[in-house]
Amino acid sequence: MFAEIAFPISGFQTFTYKIPKGLAQEVQIGSRVNVQFGPRKIHGIVTGLKSTSSFKGKIKDITGLVDDLPIMTPELWKLIQWMSQYYVTPLGQVGKAVLPKNLSTRYNPPKSWMVQTNPIVDDEDLEAVKKRAPKQYELYQKIWKAENPLKVSSLKDLASNPLTTCRGLENRGLVTLFEETCLPDVTGFTFDPIHKKVDFNSHQQIAVDAVISALESKKYSPFLLHGVTGSGKTEIYVEAVRHCLDQNRTAIILLPEISLTPQIAGRFRAVFGDTIALWHSKLTQAQRSWTWKEICKGTFKVVIGARSAVFSPLKNLGLIVIDEEQESSFRQDSPAPRYHARDVALMRATYEGSAVVLSSATPSLESYYNHLHKKMTYIHLPERFGGAKYPQVHLVDMLGDQEESGKFGQIFSGLLQDKIEDRLNKKEQIILLQNRRGYSPVVRCGDCGEIVMCPQCKVALTFHRKGSQLICHCCGHVETKQRESCGSCKSPNMKYSGTGTQRVESLIEEMFPHARLGRLDMDTAKSGTGLIQLLKDFSEGKLDILLGTQMIAKGLDFPNATLVGIINADLGLHLPDFRAGERIFQLIYQASGRTGRSNKPGEVVIQTYVPDNPVIKNAAKLDMKKYYNIALSERNELKYPPFSWLAKIEITGENQMAVNSLSEKIAKALNGKYKGLDILGPAPCYLEKLRNQYRFQIVFKSLKSNDPNGKKLHRFIEYNFMDFQKKFRPGQNRINIHFDPLSLI
Ligand code: ADP
Ligand code: ZN
Ligand code: ZN
């Protein structure tokens, strides 16, 4: 027997290998196998089986199986094939994303050395140690005091090499050493279980009933759960999952943001205990490996996690929930496969016969449009739970405010300052949003205007207060040496302009020195423990103010937070991207939703320089329908999604001229080949140089009226690009295809 095998390489070809007799039963389509590929030993995925091979050269044997359990279900295999075809990505690359190479069911947690004192010891021996080896004695004392055997590695603070020291004690007959398998603790990153007495209101009951009857049908059933902030969407997920488990099926909850994990996990753990697995970027490799293996074995039945949790190897999947479905973090742009977890979830659910709940207070325009066209069952939760009121929103025109006061360049308006003061006095909590991290996003010369740029990207470096560093937010480049003078005119007059969370932080420290402040952004959330501590402190009232980037804007539920301040609502509004307005609307609306969530009324202060902008104006009125109608008519006029299918070809490389000319060549080859298709470009991307790579793009828009299911655009790109490596000889340059890109930046 022979197997066709795909590898995670950029080509679409597969390779033939022989299946040795011993593995004939086990090797199946979708199995991961170990093989020799050129000089390397790598994993491949079996895409086909056949009894003969037409290949004339020497055919190598498969050397073994990666997993000792069959993990590939027919549904997951169909999903991999669909992704490969839809996103024009080789099967091997999709396979690697779905079944990452460092995860296997053969994983065994490492063993650790443990130590305990012997029950009977000779007093003289002990005295001798005390005199001659005081270090050993100290260690002995610690082991003796402990109730249970200790991990030897936990004694590092008492001895530089604790194992050697423990061996010394063992030789004297004082302790016993033994090895033990230590299961990684996978219950962390969770708030203490959050118990609640749940009593559904009538809207919630309708929602729950709808999802339950879909589960009963065991048919693919997509829902749009549109529930205003605070309407109790989480409780709907809990109830749906409960029903799903009762049916002996499994569930996935996708979350957009790591900061949401602990709260939701706390709620789920209270109800479902240890059947819950978390899947996110803060897991250690051991936790990851263990969690994955236990999902395969069926120990975990519910996976709560980020984008890639959509691939969880759960069997008998009944339900997928996508919380805050509009969020761009569900899209993966790099590396390939360039996919959207929401669309993948919908596809997986079709194969599995599951219910899918796309959930949000501010659905994506696409989902909203799909609901208008009856492609999904719409469930509406129009009210906050328990009679909680919507917050009162104040829109502050910063220019007018500053003209009045005569003080320009202020970060806080008088109104926001007063409200903060008021809440601090009342011992109520405050959430402040500034969607930019660092201290100052632009460092420029006060004389000639030159901006300090990243040497690898065409992007300004951001000044960070900690360690006085200049950091590129695109590639991570760090400069620790302060720029004392301008690189161009040598003037020492360097100006730090713009405002990031760190600048706001230092300003609050000055203005409200007694306020207890926590800052949550990618810098402070680097460590998982730091992140969870911060959220815990705020939820337990140990902090007065939580300041942060978009990480704090959605999902979180803090009943005592009665004021939200949006320091600069205009950030990102003017980016040249067709989704810029939609994103800012959603961010403001979601952030506003963090307040007034229980019996205390909430208030929101939105600061802007463009109070008449329709995005800002309607967000301040919390008028989603009005803004979505405006946005939809704009999209219609400009032929953007949801009225068209969008694709983008991105051409990148180190040499600007070469990238440019390759882009021209590709565009020329495409022109005139497909009537009714809008081709824009080639043009340099908005961020035209990133990580030393120049970037050009060609954008394709295929109107839905002409191409109802996107097949024409797909066929066109596939036909012209399947063989692009051969056709265009890109050399060192790369040609990447993005289907349904979220952004054109
Ligand atoms: P959303 O996700 O829609 O913004 P949440 O699910 O966080 O809202 O619910 C808001 C608050 O109301 C939470 O504290 C939640 O526990 C509570 N809540 C919602 N529905 C119920 C219910 N049926 N019974 C008890 N508490 C509820
Ligand atoms: Zn200068
Ligand atoms: Zn950079």
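Residues: numbered from 1 along the sequence shown. All ligand and atom numbering here is 1-based and tracks the order in the structure.
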Honestly, for Val228 the part within reach of ligand 1 (heavy atoms, under 4.0 Å) is backbone
With a cut-off of 2.8 Å, does [X] put an N/O/S atom close enough to the Zn ion (ligand 3)?
| X | answer |
| --- | --- |
| Cys457 | yes |
| Cys454 | yes |
| Cys475 | yes |

Between [X] and [Y] (side chain of the first, backbone of the second, donor and acceptor by atom type, cut-off under 3.5 Å), is there such a pair?
| X | Y | result |
| --- | --- | --- |
| Ser354 | Leu317 | yes |
| Gln204 | Asn201 | yes |
| Tyr627 | Glu582 | yes |
| Arg423 | Thr562 | yes |

List, one per line, each side-chain donor-acceptor pair under 3.5 Å for residues 252-268, sequence neighbours excluded.
from: Ser259; atom 1: OG; to: Met551; atom 2: O; distance (Å): 2.8
from: Thr261; atom 1: OG1; to: Ile258; atom 2: O; distance (Å): 3.1
from: Gln263; atom 1: OE1; to: Asp557; atom 2: N; distance (Å): 2.9
from: Gln263; atom 1: NE2; to: Asp557; atom 2: O; distance (Å): 3.0
from: Arg267; atom 1: NE; to: Glu235; atom 2: OE1; distance (Å): 3.3
from: Arg267; atom 1: NE; to: Glu235; atom 2: OE2; distance (Å): 2.8
from: Arg267; atom 1: NH1; to: Ile194; atom 2: O; distance (Å): 2.9
from: Arg267; atom 1: NH2; to: Glu235; atom 2: OE1; distance (Å): 2.9

Could you state the interatomic distance from [atom1] ([X]) to [atom2] ([Y]), rounded to the nearest 0.5 Å?
| X | Y | atom1 | atom2 | value |
| --- | --- | --- | --- | --- |
| Phe200 | Ile236 | CZ | CD1 | 5.5 Å |
| Tyr628 | Gln586 | OH | CD | 4.0 Å |
| Leu433 | Ile588 | CG | CD1 | 8.5 Å |

Could you find the nearest protein heavy atom to [atom] and give me its residue, atom name and distance?
| atom | value |
| --- | --- |
| atom 20 (N) of ligand 1 | Gln204 NE2, 2.9 Å |
| atom 22 (C) of ligand 1 | Phe385 CZ, 3.2 Å |
| atom 24 (N) of ligand 1 | Asp199 N, 3.1 Å |
| atom 2 (O) of ligand 1 | Thr234 OG1, 3.6 Å |
| atom 13 (C) of ligand 1 | Asp557 OD2, 2.9 Å |
| atom 4 (O) of ligand 1 | Gly230 N, 2.7 Å |

Distance filter under 4.0 Å to [X] heavy atoms, resulting ligand 1 atoms:
| X | answer |
| --- | --- |
| Thr229 | 4 (O) |
| Ser231 | 1 (P), 3 (O), 8 (O) |
| Phe200 | 23 (N) |
| Arg597 | 1 (P), 4 (O), 5 (P), 7 (O), 8 (O), 10 (C) |

Which one of Lys196, Lys197, Glu235, Lys233 has a non-hydrogen atom at the shortest distance from atom 25 (C) of ligand 1?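 Among Lys196, Lys197, Glu235, Lys233, the closest heavy atom to atom 25 (C) of ligand 1 belongs to Lys197.
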Who gets closest to atom 5 (P) of ligand 1 by heavy atom: Gly386, Gly232, Ala388? Gly232
Quick one: are the ring centres of His738 and His340 less than 6.0 Å apart? no
Assess the pair Tyr439 and Tyr496: is the distance between their ring centroids shorter than 6.0 Å? no
Taking 2.8 Å as the upper limit, name the protein N, O or S atoms near the Zn ion (ligand 2).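 N, O, S partners closer than 2.8 Å: Cys445 SG, Cys448 SG, Cys486 SG, Cys489 SG.
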Residues Asp333, Arg338: salt bridge by 4.0 Å N-O rule: no
Going by an N to O cut-off under 4.0 Å, is there a salt bridge joining Lys233 and Glu324? no
Under 3.5 Å side-chain donor-acceptor pair for Arg342 and Ser364: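 On atom types as modelled, these side chains qualify, holding a pair under 3.5 Å.
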Angle between ring planes, Phe538 versus Phe558, binned at 30° and 60°: parallel, tilted or perpendicular? perpendicular
